Q: 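What follows is a single structure, and I will ask about it in a moment.
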Amino acid sequence: AALMEVLTCSSRFNHDNMVSDNVNMTVLATGLFLERISPPNPSDAYGGHEDEDAQDVSTVQDRIESLGDLESLLLVPLDNDGDGDEKEQQRILSNLTLEIVKEMSDVLYRCHEESAATVATGKSEDEIRENKVLADMCRRFVTRIAYEFERQQLLCNDSGDSVWNSFKKAYN
């Protein structure tokens, strides 16, 4: 909880004095979690071939943990009424840039697609079970974050380039 408090702290301070509007701790932490869910393919800086020994492979358990961390970072826990603290939720989501939201959408789409395919074609019971958990977690997270993005758009009467529009592009 303390670490998540640090990672979401940037919006509590004046952006002009502490961080730029495009780079804040929430965006950076989101990027780290997304990278753990879907590690980039390594290649040398000059466009050479991938070094297979250096490739960072994320296990299903790593992806599950990272998705849980992403949820802890971006989504305020629901209370008994099924709602969270609305102002706190809007504060956290307002830290996100359109670029990181688009990246999140793409990563979550790929993650769900890959895990669902593995559930259908898995070779072992453990592999199928872990990937089913990941696919279910991914689907629940996408549903909740999409709801929050759409709600944010409606509350702000924003019809232009909104996080909701950036997020849903991967699903169109």
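None of the values given here were measured: they were computed from a predicted structure.
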Q: For the OG atom of S72 and the CD atom of E65, what is their distance to the nearest 0.5 Å?
A: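 These two atoms lie 11.5 Å from each other.
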Q: Any heavy-atom pair between the side chains of L74 and T26 that's under 4.5 Å?
A: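 Side chain of T26 against side chain of L74, heavy atoms only: contact under 4.5 Å found.
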Q: With sequence neighbours left out, write down each residue that passes salt bridge (Lys or Arg N to Asp or Glu O under 4.0 Å) with R140, or none if nothing qualifies.
A: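 None.
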Q: Ignoring hydrogens and geometry, is there a side-chain-to-backbone donor-acceptor pair from N131 to T118 under 3.5 Å?
A: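 Judged by distance alone, no pair lies under 3.5 Å.
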Q: Just wondering, do L67 and L108 contact through their side chains at under 4.5 Å, heavy atoms?
A: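 Heavy-atom side-chain distance check passes, below 4.5 Å.
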Q: Please evaluate residues L34 and I100 with respect to the criterion side chain to side chain contact (heavy atoms under 4.5 Å, CB included), reporting the C-alpha separation (whole Å), side-chain torsions for both, the decisive distance (0.1 Å), and the verdict.
A: CA-CA 9 Å; L34 292 175; I100 198 71; 4.2 Å; yes
Q: Check side chain to side chain contact (heavy atoms under 4.5 Å, CB included) between E113 and all other residues, then give those that pass, not counting sequence neighbours.
A: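 E113: side chain to side chain contact (heavy atoms under 4.5 Å, CB included) contacts with Y109.
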Q: Are any of the side-chain heavy atoms of S94 and Q152 separated by less than 4.5 Å?
A: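 Contact flag for S94/Q152 side chains = yes.
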Q: Between the side chain of S105 and the main-chain N/O of V101, is any donor-acceptor distance below 3.5 Å?
A: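 No, S105 side chain to V101 backbone: no donor-acceptor pair under 3.5 Å.
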Q: Is L32 reachable from M104 through a run of I, L, V, M, F, W or Y residues, each pair having side-chain heavy atoms under 4.5 Å apart?
A: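 No, because M104 and L32 fall into different hydrophobic clusters, even though each may have its own neighbours under 4.5 Å.
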Q: Determine the minimum heavy-atom distance between A135 and A116, stating which atoms define it.
A: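 The pair with the smallest heavy-atom distance is CB-N, 4.3 Å.
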Q: Passes side-chain hydrogen bond (donor to acceptor under 3.5 Å, both in side chains), T59 versus D62? Steps please.
A: CA-CA 5 Å; T59 67; D62 290 338; 3.2 Å; yes
Q: Can you name the closest pair of heavy atoms from E148 and L75 and give their distance?
A: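 Here E148 and L75 meet closest at CG-CD2, 3.9 Å.
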Q: For E114, which residues count as a salt bridge (Lys or Arg N to Asp or Glu O under 4.0 Å) partner, sequence neighbours excluded?
A: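 Partners of E114 under the salt bridge (Lys or Arg N to Asp or Glu O under 4.0 Å) test: R63.
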Q: Going by ring pair (Phe, Tyr, Trp, His ring centres under 6.0 Å), name the residues that satisfy it together with F141, two or more places apart in sequence or in a different chain.
A: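 So F141 forms no ring pair (Phe, Tyr, Trp, His ring centres under 6.0 Å) with any residue.
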Q: Can you measure from CG (L28) to CZ (F33) and round to the nearest 0.5 angstrom?
A: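 Separation between the atoms: 11.5 Å.
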Q: Go through the structure and list residues passing salt bridge (Lys or Arg N to Asp or Glu O under 4.0 Å) with R129, not counting sequence neighbours.
A: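 In terms of salt bridge (Lys or Arg N to Asp or Glu O under 4.0 Å), with neighbours along the sequence ignored, R129 is linked to D126.
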Q: So R151 and Q90, side chain to side chain contact (heavy atoms under 4.5 Å, CB included) or not? Walk me through it.
A: CA-CA 9 Å; R151 193 172 86 166; Q90 295 305 313; 3.9 Å; yes
Q: Got a donor-acceptor contact below 3.5 angstrom from the E127 side chain to the K123 backbone?
A: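 Confirmed, E127 side chain pairs with K123 backbone.
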Q: Can you tell whether the side chains of D106 and R110 come within less than 4.0 Å, N to carboxylate O?
A: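 No, no charged N to carboxylate O under 4.0 Å.
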Q: Rounded to the nearest 0.5 Å, what separation is found between the NZ atom of K102 and the OG1 atom of T97?
A: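 It comes to 12.5 Å.
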Q: Quick one: name the residues clustered hydrophobically with I128, using the 4.5 Å side-chain heavy-atom rule over I, L, V, M, F, W, Y, and just say none if it's on its own.
A: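 Other cluster members: V119.
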Q: Does S115 use its side chain to pair, donor to acceptor, with the backbone of H112 at less than 3.5 Å?
A: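 Yes, because the side chain of S115 sits within donor-acceptor range (under 3.5 Å) of the backbone of H112.
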Q: Check step by step if side chain to side chain contact (heavy atoms under 4.5 Å, CB included) holds for N95 and T30.
A: CA-CA 10 Å; N95 286 330; T30 299; over 6 Å; no
Q: Identify the heavy atoms of G68 and M137 that sit nearest to each other, and give their distance.
A: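 In terms of heavy atoms, the two residues are closest at N-CE, 3.6 Å.
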